[in-house]
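Here's the structure, in structure tokens; my notes come after.
Being a predicted model, the structure only gives us computed values, none of them experimental.
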Amino acid sequence: EVYAAANRMAFQMLLLMAAFAVLVYVFVRFLSHALVRPQLEMAETVKKLQLGELSARVNVTRRDEIGFLAESTNAMADALASKDFVETGHAAITQILIQTNGLHSFKVDLLNGLVNLTRSELGVFYLRHGGLFKSIYAVGAHADASGDFDASLHEGELGQALVRREIVRTVDIPDDTRFVWKAVSGIAIPREIITIPLIVEKEVRAIISLASLHGFTNESVEAIYRAWPMMNTAFQTLCANDKTEALVRELHDKNQELQAQGEELQAQSEELRAQTMELKEQAEELEVQRMQVLDANRLKSEFLSNMSHE
């Protein structure tokens, strides 16, 4: 009986130790899942971000320090992605401006690039001709949006950009806006409009309008603001080149005109020289005839004088 009691006690101790071991195992697994695994996931996310995979995020939703650290990691990833979007968009617009070699490529490539950058549904490029801004290129715009507008009226978002000479972001779009999206289901009014003036010698010479049905992201707007000074510089250079080419053509035309006048004067000079030579020859012939007349008169006088003596 003593051995039986001891065996039962030993068996109970083994059961207690086994239960304790299971509890310890479960507790360790819980701690590993609750503490170690989120940290490993955050470390893996940070490694992906370092490798340029800016879409990586930590899938941890907790209200403790681990959750705060995960939220901070995701916020850092969002900031890096936003900065990368701005830098990439700015670089793309800069590359377009560098490669443009004329007004046609400038208006087409720049407007298409801005539409792609901002995911706009509508885009119009206006160029100033005297007192009117004329639409010279449009993407997805209704006929009313691509019409001309009077620069002296200063109406709507175009007038604001014209007066303020700065980028205008319009959120409260009126129903009578000229920018509407014409789809199969009907006409839709955009949610936001961005108006970009292009300035030459403190005067707005062109305007780019972008309209979106869903609104613009802050990153795309920031990319536009960063690229705006270079847009103005490129457009100023383009206008200066056009002006220089116009002067060169004008000088060429004047040179051709002067050359034609010079050739005409040369021909007139040669004609005058020929006439002078002809007159000189006529004068010499007249002089010979005069001398012949004088000789004839002298001989006649001598003859008459001789006859009178006889």
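Counted within 6.0 Å of NE2 on His104, heavy atoms from surrounding residues, nucleotides or ligands total 12 or fewer; the atom is thus considered open. Dense packing is recorded around CZ of Arg226, with more than 12 heavy atoms of other residues, nucleotides or ligands lying under 6.0 Å away. A 6.0 Å sphere centred on CD of Gln275 holds more than 12 heavy atoms belonging to other residues, nucleotides or ligands. In the displayed structure, Arg119 atom CZ is contacted under 6.0 Å by at most 12 heavy atoms of other residues, nucleotides or ligands.
How far CD1 of Ile96 is from OG1 of Thr100: 9.0 Å, rounded to the nearest 0.5 Å. Here CD of Glu287 is found 10.5 Å from CD of Gln292. Values are rounded to the nearest 0.5 Å. For the atom pair OG of Ser120 and CD1 of Ile193, the computed distance is 10.0 Å after rounding to the nearest 0.5 Å. Here the CG atom belonging to Asn218 is positioned 11.0 Å from the CZ atom belonging to Phe85, to the nearest 0.5 angstrom. Atom CG of residue Leu103 and atom SG of residue Cys239 lie 8.0 Å apart, to the nearest 0.5 angstrom. Separation of atoms CD (Gln282) and CD (Gln289) is listed at 10.5 Å; rounding is to 0.5 Å.
Counting heavy atoms from C-beta outward, Leu80 and Lys83 have side chains that stay 4.5 Å or more apart. For the pair Met231/Ile196, a side-chain contact is recorded, criterion being any heavy-atom separation below 4.5 Å from C-beta on. Using a 4.5 Å heavy-atom threshold, the side chains of Phe216 and Ile194 count as touching. Leu238 places none of its side-chain heavy atoms less than 4.5 Å from the side chain of Arg205. Here the side chains of Leu111 and Leu210 are in contact, with some heavy-atom distance below 4.5 Å. In this structure, Gln259 and Asn255 have side chains that are not in contact, with every pair of non-hydrogen atoms separated by 4.5 Å or more. With contacts defined as side-chain heavy-atom distances shorter than 4.5 Å, the pair Met230/Ile98 qualifies. The shortest side-chain heavy-atom distance between Ile207 and Leu198 does not fall under the 4.5 Å cut-off.
Here the closest non-hydrogen pair linking Pro197 and Asn232 is O-OD1, 3.6 Å. Between Phe125 and Ile208 the shortest heavy-atom distance is CD1-CG1, 3.6 Å. Of all heavy-atom pairs between Ala223 and Leu117, the closest is CB-CD2, 3.9 Å. Considering all non-hydrogen atoms of both residues, Pro190 and Leu213 come closest at CA-CD2, 3.6 Å. Closest approach of Glu166 and Trp228 over heavy atoms only: CA-CH2, 3.7 Å. Residues Thr170 and Glu157 come closest through the heavy atom pair OG1-CB, 3.5 Å.
Using a distance-only test at 3.5 Å, with no hydrogens or angles considered, no donor-acceptor pair links the side chain of Ser269 to the main chain of Leu265.
Linking ILVMFWY side-chain heavy atoms closer than 4.5 Å, directly or via other members, places Val115 and Ile93 in a single hydrophobic cluster. When hydrophobic clusters are built by joining Ile, Leu, Val, Met, Phe, Trp and Tyr residues whose side-chain heavy atoms come closer than 4.5 Å, directly or via intermediates, Leu110 is grouped together with Val204. Hydrophobic clustering, with ILVMFWY side chains joined whenever heavy atoms are under 4.5 angstrom apart, keeps Val171 apart from Tyr225. No path of Ile, Leu, Val, Met, Phe, Trp and Tyr side chains, each step under 4.5 Å between heavy atoms, connects Leu114 with Val86, placing them in separate hydrophobic clusters. There is a path of hydrophobic side-chain contacts, each under 4.5 Å, that joins Leu162 to Ile199.
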Practice item. Applying side chain to side chain contact (heavy atoms under 4.5 Å, CB included), run through Gln99 and Asp109 and close with a yes or a no. Key: CA-CA 9 Å; Gln99 293 178 346; Asp109 297 341; over 6 Å; no
Point to revise | Trace of the side chain to side chain contact (heavy atoms under 4.5 Å, CB included) decision for His214 with Glu121 | key: CA-CA 9 Å; His214 309 287; Glu121 282 76 23; 3.6 Å; yes
Exercise for review: List the steps and the verdict of side chain to side chain donor-acceptor pair (under 3.5 Å) for Ser82 and Glu219.
Suggested key: CA-CA 6 Å; Ser82 297; Glu219 291 80 8; 2.8 Å; yes
Exercise for review: Evaluate the side chain to side chain contact (heavy atoms under 4.5 Å, CB included) criterion for residues Gln236 and Val200: first the C-alpha distance (whole Å), next the side-chain angles of each, then the deciding distance (0.1 Å), finally the verdict.
Suggested key: CA-CA 6 Å; Gln236 290 169 7; Val200 178; 3.8 Å; yes
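Using cut-offs of 30° and 60° for the angle between ring planes, the Phe149 and Tyr126 rings count as perpendicular.
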